[in-house]
Chemist: 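Attaching a single structure in structure tokens format; questions to follow.
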Amino acid sequence: MNEKRSHAIFERAKRVIPGGVNSPVRACRSVGCDPVFIAQGDGATITDVDGNRYIDLIGSWGPLILGHAHHEILDAIAEAMSQGTTFGAPTEVEVRFAETIREIFPSMEMVRAVSSGTEATMSALRLARGFTGRNKIVKMDGGYHGHADFLLVAAGSGAATLGIPGSAGVPEGAARDTIVVPFNDLATVEQALAGDDVAAVIVEPVPGNMGLVEPAPGYLEGLRALTQKHGTVLIFDEVMCGMRVAYGGAQQRYGVQADLTTLGKIVGGGLPAAAFGGRADIMQKLAPLGPVYQAGTLSGNPVAMAAGLKAIEILGRPGTYERLEHLGKRLADGLAAAAEAAGVPHVVNRVGSMFTLFFTAGPVTDYATAKAADTARFGAFFRRMREKGVFLPPSQFEAAFVSLAHTDEDIDQILAAAKSALVD
Ligand SMILES: *Cc1c(COP(=O)(O)O)cnc(C)c1O
């Protein structure tokens with residue numbers, strides 16, 4: 001595989017960008033590679049600057065559920081852009097965005113748009129604290145909610161990949177009020193809430209940032225009941241799983257409603273947009289109505305709103321989630337069969353079109369069991385798959401994504417690559 005140009009750009013990048021990348025997992029360190037610089041995306045494929053073409057299973061880490069360079073999204077962006085790109089004054093498209101989100105996520109009675117998932121979760125937690133007058137929050141071990149100080153405690157995603165327990169630069173005070181409990185374990189949540197002094201429980205209802213883990217039957221219902229009992233705000237961080245595991249996210253798939261919900265990734269249609277919303281009585285505590293301050297120069301950016309709305313509209317067409325389920329199931333079942341045939345210890349966790357192949361005998365139900373996976377074996381698997389033209393997320397602790405642009409032939413090709421990559 002030719003990597004000449006990618007290497008040359010990486011050398012330049014390292015001189016001006018820390019680690020050569022603008023987000024750590026892109027560096028591919030945990031799988032023993034240099035970053036690959038991408039020139040272009042088209043449907044289910046990406047092409048790097050050396051002309052190597054790959055079937056993409058990253059999908060920009062979730063947003064690209066329609067695939068790369070979808071023509072309807074590009075048209076929506078061009079049309080919005082032609083009217084100007086930002087005003088710092090409200091536009092109607094922001095209202096349509098909020099109305100649309102509320103229709104799809106009935107628990108989100110009021111919505112505010114922001115520019116990233118990090119902003120959404122950070123704002124939702126400030127709001128929960130302002131609403132309850134309490135400071136403590138509960139998060140799950142290995143749960144990732146962006147890089148706000150008080151959330152970078154036992155966080156997954158890049159922090160998990162790099163083995164950084166929290167992060168340098170996070171003051172003790174910021175982390176002190178964060179209580180960390182294992183995912184899928186209600187007893188520890190019950191203990192944490194017992195003092196009636198916890199503002200919020202924040203959870204990825206379908207965690208994707210420790211690799212994909214499915215909520216055990218009754219777990220989300222249990223969180224709902226416990227938070228209700230103790231006057232604690234339940235926040236579903238659906239930045240990754242919202243509009244991914246079902247149109248109405250995990251809340252629709254599992255039939256459990258949150259008090260506040262954060263969305264990102266898919267709702268921006270590939271542009272930087274995210275949102276948080278929920279119960280009107282809580283949301284009305286936000287400035288300018290209430291005392292909780294939150295703002296953003298580019299919040300509700302009309303170009304990003306137009307891209308997001310178009311993506312949401314396309315996802316609402318008949319058959320989309322059935323197709324995602326079909327493709328995801330074929331791929332996950334095929335990978336499990338290939339690993340079985342190769343005699344490799346494995347667990348494939350999948351919900352809809354998100355999945356992770358863990359190299360462990362399993363089961364994987366939380367961060368501790370995810371960490372039992374053989375990351376060296378994953379690194380080797382990643383590198384072989386890349387050589388065979390398949391781009392997986394470069395970490396054992398990330399979810400892979402199938403998009404509507406993938407075809408059954410793409411799945412066949414990925415499975416053929418995996419069969420040989422697992423026995424090489
Ligand atoms: C990606 C992600 C975030 C952070 O979103 P950014 O847009 O990267 O800031 C927060 N929560 C979850 C569950 C995520 O997957």
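Just so you know, ligand 1 is whichever comes first in the structure, and atom 1 is the first atom listed for that ligand.
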Chemist: Any salt bridge linking D177 with K136? Criterion: basic side-chain nitrogen under 4.0 Å from a carboxylate oxygen.
Modeler: no
Chemist: What protein heavy atom sits nearest atom 8 (O) of ligand 1, and how far away is it?
Modeler: T118 OG1, 4.6 Å
Chemist: Among all protein heavy atoms, pick the one closest to atom 6 (P) of ligand 1 and tell me residue, atom and distance.
Modeler: G117 N, 3.4 Å
Chemist: Going by an N to O cut-off under 4.0 Å, is there a salt bridge joining R317 and E72?
Modeler: yes
Chemist: Quick one: which ligand 1 atoms are inside 4.0 Å of a heavy atom on S116?
Modeler: 7 (O), 9 (O)
Chemist: So that I can tick it off, tell me whether R350 and E325 are bridged by a salt bridge, with the cut-off set at under 4.0 angstrom between side-chain N and carboxylate O.
Modeler: yes
Chemist: Quick check: D237 and ligand 1, any N/O pair under 3.5 Å apart?
Modeler: yes
Chemist: I'd like to check which ligand 1 atoms, numbered from 1 as shown, lie under 4.0 Å from a non-hydrogen atom of M240.
Modeler: 15 (O)
Chemist: Under 4.0 Å from a heavy atom of E204: give me the atoms of ligand 1 that qualify, with their elements.
Modeler: 13 (C)
Chemist: With a 4.0 Å heavy-atom cut-off (strictly under), which part of N209 contacts ligand 1: side chain, backbone, both or neither?
Modeler: side chain
Chemist: Quick one: which ligand 1 atoms are inside 4.0 Å of a heavy atom on G146?
Modeler: 3 (C), 4 (C), 10 (C)
Chemist: Taking the basic N atoms (NZ, or NE/NH1/NH2) and the acidic carboxylate oxygens, is any pair closer than 4.0 Å for R386 and E3?
Modeler: yes
Chemist: Taking only residues two or more places apart in sequence or in another chain, which ones pass salt bridge (Lys or Arg N to Asp or Glu O under 4.0 Å) with D56?
Modeler: none
Chemist: Any salt bridge between R330 and D410, counting N to O under 4.0 Å?
Modeler: no
Chemist: Consider every N or O of K265 and every N or O of ligand 1, then say whether any pair is closer than 3.5 Å.
Modeler: yes
Chemist: Should you measure from each heavy atom of Y144, which atoms of ligand 1 turn up under 4.0 Å away?
Modeler: 11 (N), 12 (C), 13 (C)
Chemist: Tell me every residue that passes side-chain hydrogen bond (donor to acceptor under 3.5 Å, both in side chains) with T369, counting only those two or more places apart in sequence or in another chain.
Modeler: D366
